[in-house]
Amino acid sequence: MQPTDVLRQYWGYPAFRPAQEQIIQSVLDGKDTLALLPTGGGKSLCYQVPALCQEGLCIVVSPLIALMKDQVANLRNRGIAAAAVFSGLHRREIDIIFENACNGAYKLLYLSPERLQTEIVQARLPRMNVSLLAVDEAHCISQWGYDFRPPYLQIADIRRLVPKTPIIALTATATPDVVKDIQEKLAFRANNVFQQSFARENLSYSVLYEHNKRDKLLDILKKVPGTGVVYARSRGETKELAHFLQKHRISADFYHAGLPAAERSAKQDAWMEGKIRIMVSTNAFGMGIDKSNVRVVAHLHLPESPEAYFQEAGRGGRDGQKAYAVLLYAPADADSLRFAVNSSFPPFEVLRQVYQALGSYTQLAVGAGQGESFDFDLAQFCSTYKLEQSTTHTALKLLEQEGWIALHEAVATATRIHLSASREVLYDYQIRNKQADKVTKVLLRAYPGVNLDLTEVSEYTLAKYAGMEISSLQQVLQTAHNAEILQYFPASDKPQLVFLRPRTTSENLTIDQERFNARKARAISRMEAIISYAETRRCRSKQLLQYFGEKDGAACGICDVCTGRNKSDFSDEQFEAYEIKLKQVLLHEALPLAEVLSAFSSKRHELVAQVIDYLLDEGKLQMDETGKLFF
Ligand code: ADP
C-alpha cells in the first residue's frame, strides 16, 4: 500500500505534513533516518505508516510505558495489530507476546529499552520478520543528552541481529552534538537527518521577574483564557497552588507521580476533556499528552535545562493559535537550581549505601537478579532503610545512569485473563469447583473473547456478576491459574525497579568516575544555559533556537523582549538618542560591555544595556569572540 492510502484508510487524515512525507520516503527507501520534529509534530506516524506499508514487523523502542500503552490502545482502535512488552508484565505473558510476534501476529511491537538485552529478545528477534526498527526519544542514547538511559546503548547490538533492517530514530530535542552522537551510537550506515526548525511561531515566550509569583500567576490566568499547565517544583507545592487557584475561583487540580495511577489518569482525563482548566503539576505531567488547545504554560521555577523547558513550554499552542509560555523568575531561583543540580551528584558512598539497601529490599542473592523487576515504592523503601528521600532518589537516578538498574513510573495495568484450557478440561474443573464454575461462566458471558486471547477485565464487574467479594474472586482466579485452567495477571499500579545487571556486593559496585564527572559538567552547562535564558534580555525564541544549533533564526516579534521594545521604558526618540551615543563611543574601536557602559551615567546602565541587547538582536551591533562590541 502507498503511504497516503495508509494514512487515509487508518487515520482518515487527508495528507502528510511536509516533513513527515520526506521522512517516510527515506524510511521506505531503506535508509537509516533521524527525524527531529517538535513535540506534536507527528513523529509516531513516521514509523507507523511505513510499518503498515511493508511486510513484517516494526519494533519500537520507547522508554515511557504510559505512552507506549496509549499508542498500542490507539493503534488497536484503528484496527492495527500491536502489542507492548515492558517491566511489570509477567514472564509468561511476555513469552506469549513474543511467540505471537514470531508468528506474524503484529505490525508493531513496542519494547521498553531494558527488555532489549534479555535472552528472550536475543533469541526470538532473528525469527521475527523485522521490517523496521524505530527508536523513540532517541536522545536517550546520548550521554551528552539530558536524559541518558544506558539500556539504549544495546540497540546497536540489536541491529546486529537484524542487519538488513533500517532504523528510524525520533526525538523532539537534541543539540547538534547529540544529533551526531545519536547517529553514531545507532550505527547509522550514512548520516541522514531531517530537521524542522525549532521555531514556534505562535508561542510567545516571556520571563517575568516576580517575587510574588502566586499573585502574578493569578493575574496571568485571569488575562489569558483557556486551558493551561502550571509547573511547580515539588509535589506539595502542586497541591497548595491548586488550592490557591481554586480559592480564587479558577478551575484547577494537581498532578504528580506520587498519586495512585487510577487517580492520575482520572485527573488527566478531566483536564483533557476540559472539565478542569488548569493542571498544576510537577514535570511528571505532560509526557505524551496530546492536547492541542493549551493556551498557557507557566513555570514557577527554573527547569533543569533548555531541553526540558522547550518540551514543557512547547505543550502550549499545538493547534497553531496564539499561546503563552511564561517563566516566573526571581534571581534567587538561579542559586536554588545550582544547589539542586549539584546535589543531584552525591558522593559515591551514598550510592553504595542505597545499592546495599536495594539488595536487602529485593532479597536478591549476590549474582542473581539480572532482568528481574520488582514493585518499588520509594517512600516505603526510604522509611524502611532510614534513608532521606530526595538524596535516595538522586542516588537511584545515578545508579540508573550507570546502567545498574532501571526505574519506571507507576503504570496502571488492568487485570488480564486468558481462559486457555480446552473445553473438556474446563468442564471437568467446573464440575469439581463450584466457585470456579460461577466465575468462568460469568467471565465467558461478560468477555466473549476471553477464551481466545489475553483480555483486559474488570475484577469489580466480575465480582458483582458472580455475587462475590473481590478478594474471593481473586482467590478463585489465582487457584485456577495455578491449575493451568486460565492465565491470570492481576492489575498493578506500582512503579517498577529493574536490575539490569546481576546484584553485586556494595564493595564491587563501580562507577566510571571520568564519565560521571563529564556528565556532571554537562548538567552544569545545561543549567547555566537555562539561567542565562532567564537572565538575558534577548529575544527568547532566538536564545532557544541558538541553543539547539539554529544560529540564524530571526527575532520572533512576540516574546516579552521583542514586544518590550514598543511599550518599554523609553520612547523611540530616546532609543535613537542612545543608539547615536553608542555609535560615537564605538566609533574608533571595539570595546567590552563594561567600558561601553562607563560612558553613560550609572543610573542609565540598565536602559543602555537594553538598547544594546536590541541592537545585537537586530544584527546592527555585533560582538566578537572576546565579548567586545562593535557596529
Ligand atoms: P509527536 O510524537 O511528534 O509529539 P504525535 O505523533 O503524537 O506527535 O502527533 C501529534 C498529533 O498530530 C496526533 O494527534 C496525530 O494524530 C496528529 N497528526 C500527525 N500527523 C498528522 C497529519 N498528517 N494530519 C493530521 N494530523 C496529524
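Order of appearance sets the numbers: ligands from 1, and atoms from 1 within every ligand. These numbers come from the heavy atoms of this one structure, side chains and all, not from hydrogens, waters or symmetry mates.
- Residue-to-ligand polar distances place Y13 within reach of ligand 1: an N/O pair is separated by less than 3.5 Å.
- Side-chain atoms of S26 and T33 form a donor-acceptor pair, as typed in the model, at a separation below 3.5 Å.
- Polar contact check, A15 against ligand 1: a nitrogen or oxygen pair lies under 3.5 Å apart.
- For the pair K185 and Y152, the NZ or CZ position fails the cation-pi test of under 6.0 Å to the six-membered ring centre and within 45 degrees of the ring normal.
- Per-residue contacts place P38 under 4.0 angstrom from the following atoms of ligand 1 (heavy atoms of the residue considered): 3 (O).
- Side chains of R159 and D32 form a contact here, defined as non-hydrogen atoms less than 4.5 Å apart.
- Within the 4.0 Å heavy-atom shell around ligand 1 one does not find L37.
- When only modelled atom types and interatomic distance are considered, Q401 and Q143 share no side-chain donor-acceptor pair under 3.5 Å.
- For F198 and Y547, the ring centers sit 6.0 Å or farther from each other.
- Checked against a 6.0 Å centroid threshold, the rings of F86 and H408 do not count as neighbours.
- Nearest protein heavy-atom contact of atom 10 (C) of ligand 1 is G40 O, 3.7 Å.
- Below 3.5 Å of separation, one finds an N or O of G41 facing an N or O of ligand 1.
- Scanning the protein for heavy atoms near atom 20 (N) of ligand 1, the closest one is Q20 NE2, 2.8 Å.
- For W271 and F285, the ring centers sit closer than 6.0 Å to each other.
- Taking 4.5 Å as the limit, every side-chain heavy atom of K397 sits out of range of all side-chain heavy atoms of S344.
- Of the protein's non-hydrogen atoms, the one nearest atom 14 (O) of ligand 1 is D290 OD2, 2.5 Å.
- Scanning the protein for heavy atoms near atom 6 (O) of ligand 1, the closest one is S44 OG, 2.6 Å.
- Those atoms of ligand 1 that come under 4.0 Å of a heavy atom in F16, given as number and element, are 23 (N).
- Between L544 and R540, the closest side-chain pair of non-hydrogen atoms is not below 4.5 Å.
- Considering backbone and side-chain atoms together, G42 places an N or O closer than 3.5 Å to an N or O of ligand 1.
- Proximity of A172 to ligand 1, defined as any heavy-atom pair under 4.0 Å, is not found for any part of the residue.
- Below 3.5 Å of separation, one finds no N or O of W11 facing any N or O of ligand 1.
- The closest protein non-hydrogen atom to atom 12 (O) of ligand 1 is R17 NH2, 3.4 Å.
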